[in-house]
Amino acid sequence: MTGAGNYFSFERGGLFCLVLLFLLSSASLGADRVVGANSSLEINPGARSAALGSATMAVDGDYLGLTVNPYQLANVNYAWASLSHTEYYENTKFDFASAVIPLGSGQGVGISFARFGADDIPYIKDGEPLPEGFLYNTMSMSDWMFSISYGRKLFERFDLGVSFHCLYRDLDQSGFGFRSDVGIRYRVFDQLYVAGLLKGWTSSATVWGSGEFEYASPEVYLAASYGITIPYLYGKLGMYWQSAGLFHRESREMGFGDDDRGGRIWESPLDWLSGGRGGVELAFDFGLSLRVGLSSFTTFQSVTAGAGLVIAKFVKIDYGFESHPVLSPVHRISVSFSPYLFSKKPRPGTPEAAVTVRKSSLLMEESEEPEEDTSAENPAEIPEVVEENAQPGSNETPVETAGDGGVLPAEKPGDAPASGVVLETEDEILE
């Protein structure tokens, strides 16, 4: 009966999912297909991932990137709280906060909250005269976002992640948006990972106050990362890559002009590859990280760079710089804090504990310096002179006994000091 009950429960769950997908697809038939629905969810909030070309899908441990990288929660070991702040053009700001909690071995949950918008925008109501001086009315325009993510280790090499996003938009009219994503990551060997993300598997939809309904079709992205330990630099080198979308045309230029490029992978594989992004990170064991990348392989004017610092294992501070061929550069700052690591040491077997062991061994190697040989300069170690059969007033020469039984002639008063001790064997004495 237990097996039958599980079967019927699974059947009901599958039926419910099919009905939900049918309703969503039916609603999308009467909706307007747009490009960039809920586009605020595409902004990369993490300074670390931004410095690596915004290849967020490939970066593990950046818990500000849960919107596109939920499967990293399968490897979360401690609770973390993260904050980031970004200032764009014309006083537009993006603030993001997230918290992750491990749920035992191989699974974790994350919650994110964000606001993207601008404040103190001057405006004049219809029919009102122009104000004098700076007595303008002001308004705000913003997007509010809330996300919940879950990651779980399916097998030894597979990690699964699911995210659900809600968006409230307050512009000239208000609107609600939602999107859900699912991703999977596979460890090929050692530190080589490949990942895929199905963005908007229930479609990315927006409902406006006027009753208009918009949606964007699902899209698939690929990512890969590889890390290698460099003992001579006491650190680790990481390489990260994220692809462009597989199914739809995307602009490969970062300007605002008309661009017909953006071929799909089966139309132009090289153009699809040029639409990717990536970066390189050198993370030292003592906590400093240096990063550089490209947010678009199409142009070298999309250079990104940044640095990070880990303080006492429980505080991470990151900075990211992004250039743009048309607009002004963007600066990002993010901070992460772990309450567990603040009060306790890293648990054995976790990456934080492994770095601590490497740092301790490095300090031991530096402290173990070779001792200098000062035996020739220490008078206490010079063999003592032992006079045998020497009576007062006799002409016999005293002899010097070495530590190994050899016999050495003692120096007479007035002789020049010998530069070294000469050992004579018994055969040499007989000769």
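All values below come from the heavy atoms of this structure, side chains included, with hydrogens, waters and symmetry mates left out.
- Checking side-chain atoms of Ser243 against main-chain N and O of Tyr221 turns up no donor-acceptor pair under 3.5 Å.
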Quick one: do Leu167 and Phe178 satisfy side chain to side chain contact (heavy atoms under 4.5 Å, CB included)? Show the steps, please. CA-CA 6 Å; Leu167 182 141; Phe178 65 91; over 6 Å; no
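- Side-chain atoms of Ser323 come within 3.5 Å of backbone atoms of Gln301 as a donor-acceptor pair (strictly under, hydrogens ignored).
- Remark: Ala305 pairs with no residue by the side chain to side chain contact (heavy atoms under 4.5 Å, CB included) rule, at least two apart or across chains.
- Residues passing the ring-ring contact (aromatic ring centres under 6.0 Å, His included) test with Phe96: none are found, sequence neighbours excluded.
- Applying the side chain to side chain donor-acceptor pair (under 3.5 Å) rule to Ser174 yields no partners; only residues at least two apart in sequence or on another chain are considered.
- Nearest heavy-atom pair, Tyr319 versus Ile333, reported as atom, atom and distance to 0.1 Å: CD1-CG1, 4.2 Å.
- Between Phe158 and Phe155, the ring planes lie perpendicular to each other; the angle is over 60°, past the 30° to 60° tilted range.
- Interatomic distance, OG of Ser98 versus CD1 of Ile148, reported as 13.0 Å (0.5 Å rounding).
- Of all the heavy atoms in Val292 and Leu52, the pair that sits closest is O-CD2, 4.2 Å.
- Residues forming a side chain to side chain contact (heavy atoms under 4.5 Å, CB included) with Phe342 (at least two apart in sequence, or on another chain): Phe314, Phe337.
- The backbone N or O of Gly104 sits nowhere less than 3.5 Å from a side-chain atom of Gln107 that would complete a donor-acceptor pair.
- When atom types are taken as modelled, the side chain of Glu212 and the backbone of Trp208 share no donor-acceptor pair closer than 3.5 angstrom.
- Ser163 and Ser149 get closest at one heavy-atom pair: OG-OG, 2.9 Å.
- Residues Val182 and Leu160 form a side-chain contact, since some pair of their non-hydrogen atoms from C-beta on lies under 4.5 Å apart.
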Do Thr56 and Asn69 pass the side-chain hydrogen bond (donor to acceptor under 3.5 Å, both in side chains) test, and can you show the C-alpha distance, the side-chain angles, and the key distance before you say yes or no? CA-CA 7 Å; Thr56 314; Asn69 189 345; over 6 Å; no
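- Side chain of Ser336 to main chain of Ser82: no donor-acceptor pair is present (N/O by atom type, distance under 3.5 Å, no hydrogens or angles).
- Contacts of Glu87 classified as salt bridge (Lys or Arg N to Asp or Glu O under 4.0 Å), with partners at least two apart in sequence or in another chain: none.
- Nearest heavy atom pair, residue Ser225 against residue Tyr240, reads CB-CD2, 3.7 Å.
- Below 30°, between 30° and 60°, or above 60°: for Phe164 and Trp201 the angle between ring planes is above 60°, a perpendicular geometry.
- Across Pro218 and Leu198, no two heavy atoms sit closer than the pair CB-CD1, 4.1 Å.
- Partners of Arg291 by salt bridge (Lys or Arg N to Asp or Glu O under 4.0 Å), not counting sequence neighbours, listed by chain and number: Glu281, Asp318.
- Scanning for side chain to side chain contact (heavy atoms under 4.5 Å, CB included) contacts around Val207 gives Phe213, with sequence neighbours left out.
- Just one of Phe176, Phe113, Trp144 meets the ring pair (Phe, Tyr, Trp, His ring centres under 6.0 Å) condition when paired with Tyr168; it is Phe176.
- One distance of note links CD1 of Ile228 with CG of Leu237; it measures 7.0 Å at 0.5 Å rounding.
- Not counting sequence neighbours, Phe146 has no partner by the ring-ring contact (aromatic ring centres under 6.0 Å, His included) test.
- In this structure the side chain of Tyr234 never reaches within 4.5 angstrom of the side chain of Phe284, judged on heavy atoms.
- Residue pairs meeting the side chain to side chain donor-acceptor pair (under 3.5 Å) criterion with at least one partner in residues 187-197, sequence neighbours excluded, are Gln191-Lys236.
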Report all side-chain donor-acceptor pairs from residues 57-66 shorter than 3.5 Å, counting only partners two or more places apart or in another chain.
residue	atom	partner	partner atom	Å
Asp62	OD1	Leu64	N	3.3
Asp62	OD2	Ser49	N	3.3
Asp62	OD2	Ser49	OG	2.5

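- Considering all non-hydrogen atoms of both residues, Ser180 and Thr202 come closest at OG-OG1, 2.6 Å.
- Under 4.0 Å is where a charged nitrogen must lie from a carboxylate oxygen, and between Asp181 and Arg179 at least one such pair does.
- Using a 4.5 Å cut-off on side-chain heavy atoms (C-beta onward), Ser217 and Tyr215 make contact.
- When side chains are defined from C-beta on, Phe94 does not count as touching Thr92, because their heavy atoms never get closer than 4.5 Å.
- Listed for the Thr304 side chain is no donor-acceptor partner under 3.5 Å among the backbone atoms of Phe321.
- When side chains are defined from C-beta on, Ser289 does not count as touching Leu282, because their heavy atoms never get closer than 4.5 Å.
- Considering only heavy atoms from C-beta on, Thr86 comes within 4.5 Å of Val330 through its side chain.
- Residues meeting the side chain to side chain donor-acceptor pair (under 3.5 Å) test with Asp143, sequence neighbours left out: Ser40, Arg169.
- For the pair Thr206 (side chain) and Glu214 (backbone), a donor-acceptor distance under 3.5 Å is absent.
- With hydrogens and angles ignored, the 3.5 Å screen pairs no side-chain donor or acceptor of Ser295 with any backbone N or O of Gly53.
- A heavy-atom distance below 4.5 Å is not found between the side chains of Asp159 and Ile184.
- The side chain to side chain contact (heavy atoms under 4.5 Å, CB included) check on Ser328 picks up Tyr89, with sequence neighbours excluded.
- Both tests hold for Arg347 against Tyr340: distance to the six-membered ring centre under 6.0 Å, angle to the ring axis within 45°.
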Can you check side chain to side chain contact (heavy atoms under 4.5 Å, CB included) on Val303 and Leu294, steps first, answer last? CA-CA 5 Å; Val303 176; Leu294 285 173; 3.9 Å; yes
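- To the nearest 0.5 angstrom, Leu41 atom CG is 9.0 Å from Lys199 atom NZ.
- Residue Tyr71 holds its OH atom at 13.0 Å from NZ of Lys153, rounded to the nearest 0.5 Å.
- Classified by interplanar angle (parallel below 30°, tilted 30° to 60°, perpendicular above 60°), the ring pair Trp241/Trp272 is perpendicular.
- Asn75 CG to Leu73 CG: the interatomic distance, rounded to the nearest 0.5 Å, is 9.0 Å.
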Is there a side chain to side chain contact (heavy atoms under 4.5 Å, CB included) between His85 and Lys93 once you walk through the steps? CA-CA 7 Å; His85 176 74; Lys93 300 177 182 179; 4.0 Å; yes
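- Residues Leu197 and Gln242 have side chains not in contact (no heavy-atom distance under 4.5 Å, counting atoms from C-beta outward).
- Distance CZ/Arg115 to CG/Asp170: 9.0 Å, rounded to 0.5 Å.
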